[in-house]
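Because only heavy atoms are used, hydrogens play no part in the values below, and waters and symmetry mates are left out as well, while side chains stay in.
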Amino acid sequence: MPLDRSVVPALCAAVAALLILLVAAPAAPAADLQSELESKQSQLEKVEERKGVLTTTISHFGDEIDRLTAEVADIRSREAAVRTRLVAKQAELDDAVAELDVAREHLERVRDHLRRALGALRQRLVAMYEMGSPDVISVIVGSNSLDDLAARTEYLDRLHGMDEAVVGRVRDLRDQVRSLVARLRDSKDRIEAARDAIASEKEALSAARAALQGHQRELVAARADREAALRQIRSHEEELDGDLSEIQGKIAAQLAETGSVPLPAGPIQGGSGGLIWPVDGPVVSGFGSRTINGSYEYHPGIDIAVPEGTPIRAAATGTVSLQQSEVESGGYGNYTCIDHGGGLSTCYAHQSSFGVSLGQSVSQGDVIGYTGCTGYCFGPHLHFEVRINGSVTDPMGYL
């Protein structure tokens, strides 16, 4: 379990208590414990920072892998559609080839008819050249009677009709051959071009999929490396957590051994804003935003680390306006507020016991209670607030 950052005030308070209380013990062990504690805390901060970076990186890799997986799936779907179109085009081409074979046979027959028609036409032209083409006058002059004239005229009409039919047949067959050849050639070229285009598209899609899958494999390997590093970081974090808990236990044991020693009120330390420090100790948690148990919260005061039982002085002269027990305050523990007039008041939380009562007048520097760890806290300290017309403000502006 990672160390809760909020235990830092408790640890610092314990260190401060140890330095004040161990009058019978050598100063060196306390100094060693403090030095060791600070070193472990520094290491833990670096470990947690590294863990945060790794966690963010792993999350980024996961998002990138998901994106690439979706792209690969899309490319596979497009490939399937390309294959379907390619199969359809191949079937269309096969049908066209079969049709072309049939058309070629038909073309051969048409060409054979054309050759025969051309032969007949050629023979007719030769005959006309050798014998001459009969005209209407020759038919009339050569006729023996009207019946013979009619027969000769009908024969002449039929002969001309046959000539025209042969010429028309030759012309039609020639045009039919040209159109059929051109149509089949165009159809074959078009289908083959479509097949080549689809095959090229399929090849490009396959190359893109291979590239994406290669990148995806690299990301998966990189994420595995980061996850392994994160496991090591977490293991180191647990070791540091154990070390800090052990140091805290040693400090608590030494405090227990000297718990009967009476604690002094400490020197009065004046502030720049007219108030005095309620206790003499380091500020281990400032005013404003902070992180507790991994969640951000707004800290309405400051935490001053001092041993349990340290006398708390009134920061200024005033009247005790609020006093709540640990049960009543809901997290503040034993809680006291003093009204100093002019809208200014100060509050003191987590006391082990009260030194004044509600409505009592106090002078600056009077002892109003004793520090402890009642309510929501992780170690003995004083939570100190400054309020202006009921609204919290940063106490450091008055101390």
Side-chain angles (χ1 to χ4, degrees), residues 5-6 8-10 12-13 16 265-293 295-306 308 310-399:
R5 303 294 298 177
S6 61
V8 175
C12 291
I268 295 178
Q269 183 178 354
S272 60
L275 302 182
I276 65 170
W277 283 74
V279 292
D280 187 13
V283 176
V284 293
S285 184
F287 178 85
S289 300
R290 67 177 182 178
T291 302
I292 297 292
N293 290 330
S295 301
Y296 287 100
E297 70 168 18
Y298 185 80
H299 191 214
I302 61 173
D303 290 342
I304 307 173
V306 289
E308 184 169 357
T310 299
I312 304 170
R313 298 181 185 274
T317 299
T319 302
V320 178
S321 59
L322 177 66
Q323 196 167 66
Q324 293 179 330
S325 67
E326 183 175 5
V327 175
E328 297 171 319
S329 67
Y332 278 97
N334 294 323
Y335 185 58
T336 299
C337 289
I338 301 175
D339 183 4
H340 305 291
L344 173 67
S345 60
T346 55
C347 299
Y348 313 79
H350 307 306
Q351 301 174 63
S352 61
S353 61
F354 298 117
V356 292
S357 57
L358 184 63
Q360 181 178 338
S361 296
V362 296
S363 297
Q364 187 178 55
D366 287 350
V367 175
I368 57 99
Y370 300 88
T371 60
C373 189
T374 56
Y376 182 61
C377 73
F378 296 93
H381 68 283
L382 174 65
H383 172 84
F384 177 64
E385 296 180 0
V386 172
R387 295 176 178 265
I388 303 297
N389 295 322
S391 299
V392 295
T393 187
D394 190 352
M396 298 305 294
Y398 296 83
L399 295 176

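- In this structure, CD1 in Ile368 is found 11.5 Å from OG in Ser357, a value given to the nearest 0.5 Å.
- Across Gly281 and Ile304, no two heavy atoms sit closer than the pair O-CG2, 3.4 Å.
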- Message: side chain to side chain contact (heavy atoms under 4.5 Å, CB included) for Gln324 and Leu322? Distances and angles first, verdict last.
- Response: CA-CA 7 Å; Gln324 293 179 330; Leu322 177 66; 3.9 Å; yes
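- Looking at Thr374, its side chain does come within 3.5 Å of a backbone N or O of Asn334 through a donor-acceptor pair.
- Gln351 and Thr336 form a side-chain donor-acceptor contact under 3.5 Å, judged by distance and modelled atom types alone.
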- Query: When you look at Thr317 and Val362, which way does the side chain to side chain contact (heavy atoms under 4.5 Å, CB included) test go after all the steps?
  - Reply: CA-CA 6 Å; Thr317 299; Val362 296; over 6 Å; no
- Message: Could you go through Arg387 and Cys347, starting from their C-alpha distance and side-chain angles, then the distance that decides it, and tell me whether this counts as side chain to side chain contact (heavy atoms under 4.5 Å, CB included)?
- Response: CA-CA 8 Å; Arg387 295 176 178 265; Cys347 299; 3.9 Å; yes
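- When all heavy atoms of Cys373 and Pro380 are compared, the closest pair comes out as CB-N, 4.0 Å.
- In plain terms, the two heavy atoms of Ser352 and Thr371 that are nearest each other are OG-O, 3.0 Å.
- Ser345 and His340 share no side-chain donor-acceptor pair at under 3.5 Å.
- The two residues Tyr370 and Ile312 have their closest heavy-atom pair at C-CD1, 3.7 Å.
- No side-chain donor-acceptor contact under 3.5 Å links Glu326 and Tyr376.
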- Query: Would Ile302 and Met396 satisfy side chain to side chain contact (heavy atoms under 4.5 Å, CB included), going step by step from the backbone distance to the final call?
  - Reply: CA-CA 8 Å; Ile302 61 173; Met396 298 305 294; 3.9 Å; yes
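- Annotation: Tyr348 is in aromatic contact with Phe384 [ring centroid separation under 6.0 Å].
- By the 30° and 60° cut-offs, the orientation of the rings of His299 relative to His383 is tilted.
- Annotation for His350 and Gly331: closest pair CE1-O, 3.2 Å, computed over non-hydrogen atoms.
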